[in-house]
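See below for the structure under consideration.
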Amino acid sequence: MNADASAPPRPQRLPRDKADTILLLVSALLVLLPHARHLPPWISLLCGAILSWRAAITLRGKRMPSSLVLLPVAALSMIGVQASYQTLLGRDAGVAMLVLLVAFKMLEMHARRDLFVVIFLCFFLVLTNFFYSQSLFTALLMVLSVLALLTTQLSFQFTGAVPPLRTRLLMGARMLALAAPLALLMFVVFPRIQGPLWGASNGGAGGKSGLSDQMAPGQMSSLALSDEPVFRVRFDGRPPEQSMLYWRGPVLDAFDGLTWSRGAGRASSRDMRLSVGGPAFDYEVTLEPSSSRWVFALEMPGRVPALPGRATRVSPQFELSVDSPPSGRVRYRVRSHLDYALQRDGMDDPGRWLLLPYGFNPRALQAGLALRRESDPARRVEAVLRRFREQAYSYTLEPPLLGRHTVDEFLYRTRAGFCEHYAGAFVFLMRAAGVPSRVVTGYQGGEMNPFDGVMTVRQSDAHAWAEVWLAGRGWVRVDPTAAVAPERVRRGLSAAVQLPAPFGIEALRGLEAGGDAWFGQLRNAFGAVNNGWNQWVLNYTPERQRKVVGSLQAGLRGWPFVALLTSAGILLLLYGILVRRKAIDPIEALYSVLCKRLGQHGLARAADEGPTAYAARVAAASHLASPTRDAAAEFLRRYSAWRYAPVQADPRLAATLKSLLSQVR
């Protein structure tokens with residue numbers, strides 16, 4: 001029995017036209033797939049169905065659908081785009097129609113020209129992906145898409161035998177590598193566009209929500225579940241201790257019984273009195289795109305930071321904001337002092353920081369009034385903090401729901417909450433006790449990346465604390481949360497509460513641990529690479545370009561540049577010569593030598609004369625010696641078979657042709 005009889009049959013290779021079509025479908029899928037994140041679901045499903053239909057037609061050898069079928073479906077698709085976007089113009093609607101056009105064109109390819117139309121449309125769609133995301137992952141995916149499109153385009157260019165797919169991929173990669181230096185040069189020196197493309201100022205990332213102008217129980221605890229970065233900080237020297245990293249945001253002074261907000265009781269400009277001292281910390285902040293106008297700095301900045309292209313404002317409560325939300329990444333430098341005094345010499349109207357709503361939280365109100373028996377306001381503050389430390393209060397991301405009297409229910413019934421519960425209840429008690437106070441929101445802490453020394457502050461670092469005004473000291477920061485969960489301030493949120501497991505899988509909880517865990521190192525490494533991409537590519541603004549081009553112009557003067565340019569030219573010339581020599585096929589080189597020798601015998605080959613016709617003319621040349629004529633004819637016969645016959649070449653062909661060439665004297 002034959003040993004190979006039971007072996008499974010080898011899969012048959014697809015014909016060239018089918019293989020090229022499948023390669024085109026795969027390349028188009030790589031381009032269209034990222035658009036599924038922002039397109040309406042019905043468009044993504046329709047495109048998937050059309051590509052699957054086209055693949056089935058190709059593999060089964062069926063005929064293309066008639067135009068009577070395609071035209072009504074295309075018309076309905078345009079109506080769907082109009083219904084989804086309320087327009088057929090603009091960025092989003094235009095991209096949607098272009099995606100549908102590529103998909104429908106797959107069912108309407110009848111000539112070679114149609115194939116290249118699809119490829120060029122896909123090249124344009126690669127660019128449109130950057131309207132929605134300019135992340136490092138998107139850039140790498142688009143490089144892969146371009147490589148697939150180049151490989152597909154090369155496959156359609158071959159008229160004879162087609163090289164293997166691996167060879168075509170290497171050819172496409174070589175083309176990309178040759179274009180990379182020119183692309184890098186254009187990126188550095190080509191004038192940057194001032195403002196976003198298509199009027200969509202998203203900077204490659206949509207604005208993310210964050211801290212708001214209001215605070216209610218449960219708001220910040222839900223925000224703490226987000227791992228989205230808010231801003232990144234690079235300190236010029238050693239950063240402050242983790243417990244001192246308070247990034248100031250909105251100040252909330254109005255309480256309606258349920259919600260703290262920025263409302264009545266705003267201070268006047270005469271209250272803007274800040275004195276700083278002690279060592280200064282210099283750092284650079286890279287603010288992520290956001291839908292909020294708030295700008296964050298370490299308490300307290302000595303001067304208002306300057307943001308490029310935006311007007312920075314500072315409120316009497318020392319809140320930093322800009323005139324419009326930073327929809328793109330913004331970098332600014334700040335100098336902060338941890339030793340500061342805010343309005344130490346008094347306020348114009350301290351009563352506005354004592355306002356409380358009528359008819360809410362009667363027990364907490366009575367407790368605050370009882371504290372007034374203590375004459376020293378600082379001791380009233382310590383009494384409330386001691387209550388939080390010594391009684392059975394807990395810090396949790398999932399506090400119980402509260403009713404109308406939120407402070408009373410929290411202080412006397414649930415005794416479990418997040419930072420907004422403790423800050424809000426503390427300020428309520430302080431105002432009832434006659435101590436001017438207010439809620440400050442922002443972020444506390446940050447995660448230092450050991451790979452690049454950049455600190456990342458995330459939405460999970462959102463925090464709320466309090467400020468009380470004490471005579472002779474001014475506004476003093478008091479963090480009630482630190483009295484209940486000191487690890488939250490010292491080491492971060494993950495040290496104080498148990499965060500949800502990754503993807504809801506408890507077995508993966510340990511992978512998120514930092515330190516020496518491989519997952520933590522991988523996360524830090526990726527964060528460092530992504531931050532470098534943001535800083536050097538996405539944040540390459542016109543201002544930075546002018547500085548770079550100016551430094552290049554300064555360096556392009558004098559003999560060192562001339563020597564460098566001359567050396568580079570010589571190296572490129574030598575490289576071109578070596579590449580040209582390497583590119584000449586050895587069989588073709590031997591053929592050129594034969595034609596040259598026969599030309600010396602009066603048998604020069606005509607420009608339009610092939611090797612077969614040339615061999616016939618050489619065989620008829622009576623003035624050549626018989627050994628020379630026979631060797632030349634045999635050389636041309638073997639060369640013609642190698643050049644035109646669709647068979648695998650003999651690896652000893654070059655040696656055989658050399659032997660025959662030596663007989664042509």
Side-chain angles (χ1 to χ4, degrees), residues 24 27-51 53-54 65 67-109 113-135 138-139 141-142 145-146 149 186 190-209 289-293 309-310 323-329 538 541-542:
L24 177 60
S27 302
L29 183 63
L30 283 175
V31 178
L32 297 178
L33 198 58
H35 285 288
R37 295 178 299 174
H38 59 84
L39 288 175
W42 70 268
I43 294 182
S44 301
L45 293 175
L46 179 60
C47 291
I50 292 176
L51 295 181
W53 188 9
R54 185 64 175 89
S67 299
L68 298 178
V69 177
L70 293 179
L71 287 178
V73 177
L76 290 175
S77 300
M78 294 301 103
I79 295 175
V81 171
Q82 170 68 32
S84 298
Y85 296 99
Q86 304 303 315
T87 182
L88 293 178
L89 304 176
R91 182 195 67 175
D92 296 336
V95 170
M97 288 193 294
L98 191 60
V99 167
L100 290 170
L101 176 61
V102 170
F104 281 116
K105 190 64 179 176
M106 293 291 184
L107 297 175
E108 203 258 335
M109 294 188 300
R113 176 180 61 87
D114 297 326
L115 302 174
F116 291 107
V117 168
V118 173
I119 291 176
F120 295 146
L121 286 175
C122 288
F123 274 124
F124 188 78
L125 269 179
V126 167
L127 295 177
T128 62
N129 274 297
F130 291 107
F131 287 152
Y132 303 94
S133 174
Q134 296 178 10
S135 65
T138 300
L141 183 59
M142 292 306 100
S145 302
V146 171
L149 290 173
M186 296 292 289
F190 193 81
R192 311 291 293 177
I193 297 177
Q194 187 70 41
L197 293 175
W198 286 56
S201 56
N202 59 357
K208 303 177 179 66
S209 61
S290 173
S291 58
S292 172
R293 297 181 297 108
R310 287 176 173 83
D323 52 354
S324 60
S327 53
R329 289 181 180 87
L538 301 186
T541 59

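Bear in mind that the values here come from a model prediction, so they are computed numbers and not experimental data.
The line from CG of L39 to SG of C47 is 7.5 Å long, rounded to the nearest 0.5 Å. Atom CG of L33 and atom CG of L141 lie 7.5 Å apart (nearest 0.5 Å).
Looking only at atom types and distance, the side chain of S44 has no donor-acceptor partner in the side chain of H35 under 3.5 Å away.
Residues forming a side chain to side chain contact (heavy atoms under 4.5 Å, CB included) with F123 (at least two apart in sequence, or on another chain): I119, F120, V146, L149, L150, Q153. I50 pairs by the side chain to side chain contact (heavy atoms under 4.5 Å, CB included) definition with L46, A103, F104, L107, not counting sequence neighbours. Applying the side chain to side chain donor-acceptor pair (under 3.5 Å) rule to S324 yields no partners; only residues at least two apart in sequence or on another chain are considered. For the side chain to side chain contact (heavy atoms under 4.5 Å, CB included) test, residues two or more places apart in sequence or in another chain that qualify with L101 are L98, L121. With sequence neighbours left out, W42 forms a side chain to side chain donor-acceptor pair (under 3.5 Å) with S84. S77 pairs by the side chain to side chain donor-acceptor pair (under 3.5 Å) definition with nothing, not counting sequence neighbours. Shown here are the side chain to side chain donor-acceptor pair (under 3.5 Å) partners of S27, two or more places apart in sequence or in another chain: T152. Residues passing the side chain to side chain contact (heavy atoms under 4.5 Å, CB included) test with L30, sequence neighbours excluded: L144, S145, A148.
Inter-residue side-chain proximity for M142 and L127 is flagged as unmet; no heavy-atom pair is nearer than 4.5 Å. The closest side-chain heavy-atom distance from L32 to L51 is below 4.5 Å.
At least one donor-acceptor pair closer than 3.5 Å links the side chain of R54 to the backbone N or O of M106.
The shortest non-hydrogen separation linking H38 to Y85 is O-OH, 4.2 Å. When all heavy atoms of P289 and R329 are compared, the closest pair comes out as CD-CG, 3.7 Å.
Listed by first and then second residue, the side chain to side chain donor-acceptor pair (under 3.5 Å) pairs that reach into residues 113-126 are K105-D114, sequence neighbours excluded. Residue pairs meeting the salt bridge (charged side-chain N to carboxylate O under 4.0 Å, His left out) criterion with at least one partner in residues 73-82, sequence neighbours excluded, are absent.
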